[in-house]
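Read the structure below first, then the notes.
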Amino acid sequence: MGTHPYFANQRTKPMHDIRMIRDNPAAFDAALSRRGIAGLSSQILTLDEERRAKILAAETAQADANAAAKQVGAAKASGDEAEFERLRALVATKKAEIAALNEEAKAADVTLNDLMLTIPNLPYDDVPMGADEAENVELKKQGTPKTFDFKALEHFEIPSVVPGMDFETAAKLSGSRFVLLSGAVARVHRALAQFMLDTHVEENDLIETNTPVMVREEMMYGTGQLPKFGEDSYQTTNGWWLIPTAEVTLTNIVNNATLDEAALPRRFAAHTLCFRSEAGSAGRDTSGMLRQHQFEKVEMVTICHPDTSDAEHLRMTACAEGILEKLNLPYRTVILCTGDMSAGARRTHDIEVWLPGQNAYREISSISTCGDYQARRMNARFKPTEGGKPEFLHTLNGSGLAVGRCLIAVLENGQQADGSVALPEVLHPYLRGKTTINASGKLV
RNA sequence: GGAGACGUGCCGGAGUGGUCGAACGGGGCGGUCUCGAAAACCGUUGAGCCUUUACGGGUUCCCAGGGUUCGAAUCCCUGCGUCUCCGCCA
């Protein structure tokens, strides 16, 4: 297994800071052990030493050759043919030596990088240890699930919703895991997206952004979808990838850029389509529109100084929670344990909304701080105001929120005994004052 | 889809085989002048890696990869990208 071409070009340095590992191998091992990975630092450092020795040898030979090559011109100019020939031969000899040494140096470098690529990000100390989602820790519970004096239905069973949520026709058009919304349901779906984006722009000070949904392959490496998770996304015949989340476009805004520290933080929000193959999800959430190949999401991304990323993580979480609170939807917020976090995250908060039809909390937002993991892959840095070398930025991303899942939550939580749905007050202005989907599916 | 041009530092833009990490201009930073500011003038201003306690030294990078050459930003090949004109089109 060789290094992927994208990483072979040396523009990026995958995720881990080798200097940090050299300086404090014990801390590195300790953090990884919390993810169930045994001490790797000694293996890494051995490879690192070998790599540096090879580089030193290659560069020394190169320096010799350069010195000789420089004198060649002078020898020729002064007419000293013998000296000219001697130097010329010397450079030729060195050249072969350098080629061999370079090859060894490159091989050592590739070996080290390949190992580093397989290592997940280090969890922060405040992330609870655990094997799987059962060991996630609840941080907050907001709102009380409403008790219904009738059997709460799932969203696709509610009489007023049924006519506006057509899975059969969607299947005819596109297959399974698609839905055709119409009438009041489509309207409420649209209203939700508008409401979320407006709130983020006007109250949370995020920059409204409208992004492409097809991207170059390189961008999928920047945020970490590739090389390992390509089967989760779709690619067009001419090589573009359909974004599985606007995290890809919003975060890669700073791909290969060096920002002024004064320009930080940059906080973006975008409402986009998202596309996911849901490979490996066969049989899960097959009814209703909880899990689709195509869905809409309002995404938040923050690019910030390393010192502020913890505060930004809390801020972003609050931005997402605020949407649910305005919609009067009960939710709980959990911090994912080490075993449930994705490879790129250093800390993740999940927000789960109450779905009466399922009698359960279900994920509606996932908010992660990636530290400098993505920034290293993207080569995204900032120049410190007080001078000095550029440093890697920190990046965060979170849903704010998944529009389709939010629609489900609004419908299920608002359902009434007569089959109608009472809509949250904050949506009324977006519905020209309408407040309810009546039992026959009409917005009134 | 057809035709062509181009890819250089924070930006604009020179450079067609050696002395080029790269002219010149702009921007940024520091200074002189000024009560202060502007203007003017002077100076300074890329990044990665290796090495060094440090000062410093070395090496690589002019889209990427390969080739020619004693020597490449400069020549050749391939790929990627951008732009312009025509056609088509929401």
Side-chain angles (χ1 to χ4, degrees), chain A residues 2-23 45 47-113 116 210 212-222 237-241 252 254-264 372 375-393:
Chain A
T3 294
H4 188 277
Y6 179 66
F7 291 110
N9 73 18
Q10 292 296 301
R11 209 197 70 179
T12 58
K13 287 292 168 191
M15 54 175 112
H16 292 294
D17 181 358
I18 186 69
R19 289 196 190 89
M20 186 274 275
I21 302 173
R22 269 181 223 152
D23 292 347
L45 292 178
L47 287 170
D48 181 45
E49 272 166 40
E50 184 186 336
R51 168 180 153 272
R52 288 194 284 167
K54 299 293 187 196
I55 289 173
L56 183 59
E59 289 192 352
T60 304
Q62 185 71 58
D64 293 347
N66 286 352
K70 229 167 206 172
Q71 294 166 31
V72 168
K76 194 176 186 185
S78 70
D80 187 345
E81 267 320 300
E83 180 66 358
F84 176 73
E85 284 305 328
R86 188 189 72 81
L87 289 167
R88 202 181 140 121
L90 177 64
V91 172
T93 313
K94 280 285 172 191
K95 198 183 161 189
E97 190 187 327
I98 291 163
L101 287 168
N102 266 335
E103 197 120 323
E104 290 175 29
K106 199 169 180 179
D109 202 45
V110 165
T111 306
L112 179 60
N113 274 354
M116 298 278 262
N210 189 299
V213 297
M214 299 193 288
V215 294
R216 294 198 173 115
E217 186 158 67
E218 184 183 3
M219 302 304 147
M220 296 284 279
Y221 284 95
T237 51
N238 46 3
W240 281 312
W241 288 82
N252 276 293
V254 297
N255 189 301
N256 203 28
T258 304
L259 309 184
D260 285 331
E261 183 180 342
L264 303 175
D372 63 6
R376 284 177 181 278
R377 296 169 78 103
M378 293 188 298
N379 192 31
R381 300 176 297 172
F382 70 94
K383 198 150 184 68
T385 306
E386 68 278 14
K389 293 285 180 189
E391 297 174 37
F392 288 112
L393 292 157

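Just so it is clear: chains get the letters A, B, ... in the order the sequence lines come, proteins before strands, and each one is counted from 1.
Base pairing of B/rC55: no nucleotide in any strand meets the Watson-Crick or G-U wobble criterion (both distances under 3.5 Å). With a cut-off of 3.5 Å on both pairing distances, the Watson-Crick or G-U wobble partner of B/rC61 is B/rG46. Pairing partner, B/rC24: B/rG12, with both Watson-Crick or wobble hydrogen-bond distances short of 3.5 Å. As the counterpart of B/rC6, B/rG81 is assigned, both hydrogen-bonding distances of the Watson-Crick or G-U wobble pattern falling under 3.5 Å. When both pairing distances are held under 3.5 Å, B/rC41 makes a Watson-Crick or G-U pair with B/rG31. For B/rG17, there is no paired nucleotide, since no Watson-Crick or G-U wobble pair has both relevant distances below 3.5 Å.
Regarding A/Ile98, its CD1 atom lies at a distance of 19 Å from the P atom of B/rC50, rounded to whole Å. Atom-to-atom, CG of A/Asn255 to P of B/rC63 comes out at 18 Å; the value is rounded to the nearest Å. In this structure, A/Asp260 places its CG atom 12 Å from P of B/rC11, rounding to the nearest Å. In this structure, A/Leu101 atom CG and B/rC50 atom P are separated by 17 Å, rounded to whole Å. In this structure, NZ of A/Lys383 is placed 11 Å from C1' of B/rC29, rounded to the nearest angstrom. We find that CD1 of A/Ile55 is positioned 10 Å from P of B/rC49, with the value rounded to whole Å. Computed from coordinates, the A/Asp23 CG to B/rU53 P distance equals 14 Å when rounded to whole Å. Per the geometry, CG belonging to A/Asn379 stands 14 Å off C1' belonging to B/rC63, to the nearest Å.
Using a cutoff of 4.0 Å between basic side-chain nitrogens and carboxylate oxygens, A/Arg376 and A/Asp17 are scored as salt-bridged. A salt bridge between A/Lys106 and A/Asp109 is absent, with no side-chain N of the basic residue lying under 4.0 Å from a carboxylate O of the acidic one.
Nearer the 5' end of RNA chain B, as judged by each residue's closest nucleotide, is the contact made by A/Ile18, out of A/Glu59 and A/Ile18. Heavy-atom nearest nucleotides on RNA chain B were determined for A/Asp48 and for A/Asp64, and the one closer to the 5' end corresponds to A/Asp48.
Contact check, A/Lys389 against B/rA47: a side-chain N or O comes under 4.0 Å of OP1 or OP2. Between A/Arg51 and B/rC49 there is no side-chain N or O to OP1 or OP2 distance below 4.0 Å. Considering only side-chain N and O atoms, A/Arg52 lies nowhere under 4.0 angstrom from the phosphate OP1 or OP2 of B/rC49. Taking side-chain N and O atoms only, A/Arg19 has a distance below 4.0 Å to OP1 or OP2 of B/rC50. When the side-chain nitrogen and oxygen atoms of A/Arg381 are compared with OP1 and OP2 of B/rC10, none of them lie within a distance under 4.0 Å. In terms of phosphate contacts, A/Gln62 brings no side-chain nitrogen or oxygen within less than 4.0 Å of OP1 or OP2 of B/rG58.
The same atom, C1', is picked in B/rG48 and in B/rC42; the two are 33 Å apart, to the nearest Å. Annotation: B/rA5 and B/rU59 have their P atoms spaced 38 Å apart (nearest Å). Here, B/rU60 and B/rG65 have their P atoms 14 Å apart, quoted to the whole Å. Spacing between B/rG28 and B/rG21 at atom P, rounded to whole Å, works out to 29 Å. For the C1' atoms, the distance from B/rG27 to B/rC86 is 39 Å, rounded to whole Å. Taking atom C1' in both B/rU45 and B/rC35, one finds a spacing of 31 Å when rounded to whole Å. Rounded to whole Å, the C1' atom of B/rC80 lies 24 Å from the corresponding atom of B/rC11. One P atom belongs to B/rC62, the other to B/rG9, and the distance between them is 10 Å to the nearest Å.
When side chains are defined from C-beta on, A/Lys54 does not count as touching A/Leu101, because their heavy atoms never get closer than 4.5 Å. Side-chain contact between A/Asn252 and A/Val215: absent, with no pair of heavy atoms (C-beta onward) separated by less than 4.5 Å. The shortest distance between side-chain heavy atoms of A/Met116 and A/Ile21 falls below 4.5 Å. At least one side-chain heavy atom of A/Ile55 sits under 4.5 Å from a side-chain heavy atom of A/Glu59.
Atom CD of A/Glu261 has more than 12 neighbouring heavy atoms from other residues, nucleotides or ligands inside a 6.0 Å radius.
When each of B/rG58, B/rC50, B/rG66 is scored by its nearest atom to the side-chain atoms of A/Lys106, the top-ranked nucleotide is B/rG66. Distances were taken from every side-chain heavy atom of A/Arg216 (C-beta onward) to each of B/rA47, B/rC50, B/rG81; the shortest belongs to B/rG81.
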